[in-house]
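Below: the structure, in structure tokens.
Excluded from the calculations below are hydrogen atoms, water molecules and symmetry mates; all remaining heavy atoms, backbone and side chain alike, are included.
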Amino acid sequence: VWNQYTIRVPGGKRDALKAHLASRQIGSEIYYPVALHQQKCFESLGYREGSLPQTEAAAKEVLSLPIFPELTQQELSKVVDAVCSFCEAELPSYRRQAA
């Protein structure tokens, strides 16, 4: 299924990575910016901030990268290089793995 390729960006850096990609004309998307239990339509269930900490953390960290059948190897490499360059600069514990 060519639907979403979603990564987690730790340390509050997700929006900075999105901007970094956009500056290189690489689209990305935050599909679930609010955890389901925090949405108004589920308010009656009684969940509060902190009720599902892992879900809440994921909602703040996930970013979906381009994926579709026509994505070329050159485009894929551009995305990978942009993500890696960001991580090398912004995430101290990041180490690029050899392909």
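How far CD of E29 is from CG of L21: 12.0 Å, rounded to the nearest 0.5 Å. Within the model, atoms CG of L45 and CD of Q38 stand 12.5 Å from one another, a figure rounded to the nearest 0.5 Å. Between atom CG of residue L71 and atom OH of residue Y5 there is a gap of 12.0 Å, rounded to the nearest 0.5 Å. With values rounded to the nearest 0.5 angstrom, C87 atom SG is found 6.5 Å from L17 atom CG. Atom CZ in R48 sits 10.5 Å away from atom NE2 in H37 (nearest 0.5 Å).
The shortest side-chain heavy-atom distance between T6 and L65 does not fall under the 4.5 Å cut-off. Looking at heavy atoms from C-beta onward, L52 lies out of side-chain contact with L36 at the 4.5 angstrom threshold.
For the pair A59 and A35, the tightest heavy-atom approach, listed with the atom from each and the gap, is CB-N, 3.8 Å. Between V34 and Q39 the shortest heavy-atom distance is O-NE2, 3.2 Å. Contact between R8 and V62 at its shortest, heavy atoms only, is CG-CG1, 3.8 Å. Counting all heavy atoms, side chain and backbone alike, E56 lies closest to S51 at OE2-N, 3.4 Å.
The 12-atom threshold is not exceeded at NZ of K60, counting heavy atoms of other residues, nucleotides or ligands nearer than 6.0 Å.
Taking hydrophobic clusters as Ile, Leu, Val, Met, Phe, Trp and Tyr residues chained together by side-chain heavy-atom distances below 4.5 Å, I26 shares a cluster with V83.
A donor-acceptor pair is defined here as one N or O able to donate and one able to accept, closer than 3.5 Å; no such pair exists between the side chain of R24 and the backbone of V79. Under a 3.5 Å cut-off, the side chain of H20 and the backbone N or O of A82 do form a donor-acceptor pair. With hydrogens and angles disregarded, a donor-acceptor distance shorter than 3.5 Å links the side chain of K18 to the backbone of S28.
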